Protein chains: 4
Amino acid sequence: MSHRGNRHGRSEEARQSILRAADDLLVEKGFAQLTMEGIATRAGVAKQTIYRWWPSKTDVLLDALGTDYAEDLNPPDTGALRDDLRAHLAHLADYLAHSDAGAVFRALTGQAQHDAALAARLRAEHLTQQRARDRLPLERAVERGELPAGSDLDDLVDRLVGPIYYRVLVTGRPVPPEFVDALIRGAVG
Amino acid sequence: MSHRGNRHGRSEEARQSILRAADDLLVEKGFAQLTMEGIATRAGVAKQTIYRWWPSKTDVLLDALGTDYAEDLNPPDTGALRDDLRAHLAHLADYLAHSDAGAVFRALTGQAQHDAALAARLRAEHLTQQRARDRLPLERAVERGELPAGSDLDDLVDRLVGPIYYRVLVTGRPVPPEFVDALIRGAVG
Amino acid sequence: MSHRGNRHGRSEEARQSILRAADDLLVEKGFAQLTMEGIATRAGVAKQTIYRWWPSKTDVLLDALGTDYAEDLNPPDTGALRDDLRAHLAHLADYLAHSDAGAVFRALTGQAQHDAALAARLRAEHLTQQRARDRLPLERAVERGELPAGSDLDDLVDRLVGPIYYRVLVTGRPVPPEFVDALIRGAVG
Amino acid sequence: MSHRGNRHGRSEEARQSILRAADDLLVEKGFAQLTMEGIATRAGVAKQTIYRWWPSKTDVLLDALGTDYAEDLNPPDTGALRDDLRAHLAHLADYLAHSDAGAVFRALTGQAQHDAALAARLRAEHLTQQRARDRLPLERAVERGELPAGSDLDDLVDRLVGPIYYRVLVTGRPVPPEFVDALIRGAVG
DNA sequence: GGCTAACCGAGACGGTACGTCCAGTCTTCGT
DNA sequence: ACGAAGACTGGACGTACCGTCTCGGTTAGCC
């Protein structure tokens, strides 16, 4: 069932190897050394096949970021807000700083500083969903009465994850459990 | 004081027009469209003159970021911690999001996601000083007894400024005074 | 009589529209801008349909040159050698320089300078016949005793038509009747 | 005295190796397989250096044709028209059909069938001079009284060289001395 | 007051990657 | 069985910048 160049439309085989090659090369050589020609060569694909489906290397990366992001970062539901947050934020910090998908995210966020259109797509296609996942423990806590009903959950999310993103993207400092605990105390008491 | 061809060392005139051109072009066309050739043309300078003094365009920007950063972001000393922080954090948010120097900072931070050496220089030459300025109100509060002596001020700084950087660099959401107040309440009670 | 997707052998409709498209495009845009894709699009035909029947664009043109060449350039038989030649050579010159088929011939001859196989086919499939037609008046003159029996007619043909091809292909100068007369005098007295 | 990239202007070294590479590759692989990239690689030169000075590969070839053409084809001056022509036309035929410069000429003439601008340049920069050389023996014969004063020398030149070009460019037949003699007899008695 | 060192502009150079175009092949569906 | 459609690999196109280089011109500061 591998369609290569026919009227069924695009080759899933080529698509996979391109995304894989982009991911690998980003991790190996970094965003600046990531080129369309390099991806094509590594993927064993013609350059035109990449350009046919993606306008630029950032679009390939946006696609490569794809489902990984969505699936990996679902917070647990232990029934206790602080436990949920402790686990989720630690996972988030580790994911952003050390996973391959995290590397792609950092690269795209970096590029988004120079490219407003990319910034918009990154927010629409990934950040929104991620923030929804980040909110889940807080929403459940409101339902359980652990948090007051009128809380501004978006602001709470920012106060919880903002310092983590800051350390990962800006200062490069690690995010130990104690720091996560302090964040939680500051945000939800 | 215009040295064109002399034995007194580099031309201050050329230096200024290069930094100016880099700054302007960054704001006008963005980091990706900022090229050494473009800077040279705009500055009316030979490419070699740029390469003689700066290894890359990020180094020019690091230099252009220069003293502005240092001078502009000194927190006030009102004698009351919360007032100091309110003013300083609001100023910081505005500066990062809307000033020309903020644009340079965002561009460099973006590039630092792909360039570890740049990340290191950016931290050493700018972030460290900025964080020191961010700490000042907290240090004075400790001296005044407003904060307990053993507080981890670095962690407090991260909890105060982290969400601001997060909004500026990642979500693009604005930083209204109410959000700053919530940050302050969460961090220093 | 329109076969589109059938089991009756190739579509004469497609064949005609391809040859027609090739001819038109050659005249409109020139050989260099003539592409297989362009022919396919203009003819409303899939590229593969062209490749199924012709290996290259020059083969399409060889085919397009087709029967036109053969039919159009038969010399008259007035019974007088010089009259036959005068009419035939003037017609030949006009045909080569100004007709659509002449444009195809010039293009193929040009391409044959870079492609020995094409040169061979062009000679075998067109030039040989054309030279046979060019010889006809001479052969009839030998039969009538207007020319001596041992004459090398091939050399005579070259001396008659060579300068015409030279003007058309190389210098671009016109071929007026006086020049044709001079040619005839030089070749057959 | 080899200037590589300085304000003296272009590198003569690069110019020579490009022309040489173009010439060699044309002879080795033919016009169709001659590419700008191939020339650049063979010449050990950047593509941009070729494009800086020549708009297309035909312009490189026009330049490569250069002085060779001019120098090599000067007719002798024996004092006897028929001897001059016999030697010159034999030389011309051999040159066109068998020399490297002849291969370049044939390729350019072929390409000129598809490119009117090239045809114009080829005539202006090479054919005109060559025809002037071809006329020389005739002009000297007029001065000596070997030919009548009113002769149309241009037409005579065409009748002498036309069949030779025709054989070289169109039929591919050889040009033996007997054919040259017949040409001379037909044109100048 | 000419010499000379240091810096300047200009711009050609060898390279790398860009994004586009077309060649020629292949696979499927519909007629 | 054939034609239309169109995705595929491959390779050259012509362009934009990269970072390096060599040169001639200008201007102190020194003999």
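Chain A is the first sequence line, chain B the second, and so forth, proteins listed ahead of strands; every chain is numbered from 1. Predicted model only: the values in this text are computed from it and were never measured.
Both tests hold for D:Arg10 against D:Trp53: distance to the six-membered ring centre under 6.0 Å, angle to the ring axis within 45°.
Nearest to the side chain of C:Tyr51, among E:dC18, E:dA23, E:dG14, sits E:dA23. Counting only heavy atoms from C-beta on, B:Ala46 has its side chain closest to E:dA10 among E:dG15, E:dC22, E:dA10.
To the nearest angstrom, C1' of F:dG10 lies 12 Å from CZ of A:Arg52. The separation between B:Ile39 atom CD1 and F:dC17 atom P is 12 Å, rounded to whole Å. Computed from coordinates, the B:Lys47 NZ to F:dC17 P distance equals 10 Å when rounded to whole Å. Rounded to whole Å, atom P of F:dA16 lies 12 Å from atom NZ of B:Lys29. Atom CD in B:Gln48 sits roughly 12 Å away from atom C1' in F:dC23 (whole-Å rounding). Across the protein-nucleic acid pair, B:Trp54 atom CH2 and F:dG19 atom C1' stand 16 Å apart, rounded to whole Å. Protein atom NZ of A:Lys57 is 13 Å distant from nucleotide atom C1' of E:dT16, rounded to whole Å. Look at CD1 on B:Ile50: it is 12 Å from C1' on F:dG19, rounded to the nearest Å.
Across every non-hydrogen atom of D:Ala46 and D:Ala40, the tightest pair is C-CB, 4.3 Å. Scanning all heavy atoms of the two residues, the minimum distance from D:Arg106 to D:Leu169 falls at CG-CD2, 4.0 Å.
For the pair B:Trp53 and E:dC8, the criterion of a side-chain N or O lying under 4.0 Å from OP1 or OP2 is met.
If you find the closest nucleotide of DNA chain F to C:Thr49 and to B:Leu34, the one lying nearer the 5' end belongs to C:Thr49. Both A:Val45 and D:Ser56 sit near DNA chain F, but only A:Val45 has its closest nucleotide nearer the 5' end.
Between the B:Arg123 side chain and the A:Val170 main chain, a donor and an acceptor come within less than 3.5 Å of each other.
Nucleic acid contact class of A:Thr35 (heavy atoms, under 4.0 Å, all strands): sugar-phosphate only. When heavy atoms are screened at a 4.0 angstrom cut-off, C:Gly38 is found touching no nucleic acid atom at all.
Ring geometry, D:His114 versus C:His114: the interplanar angle exceeds 60°, so the pair is classed perpendicular (tilted spans 30 to 60°).
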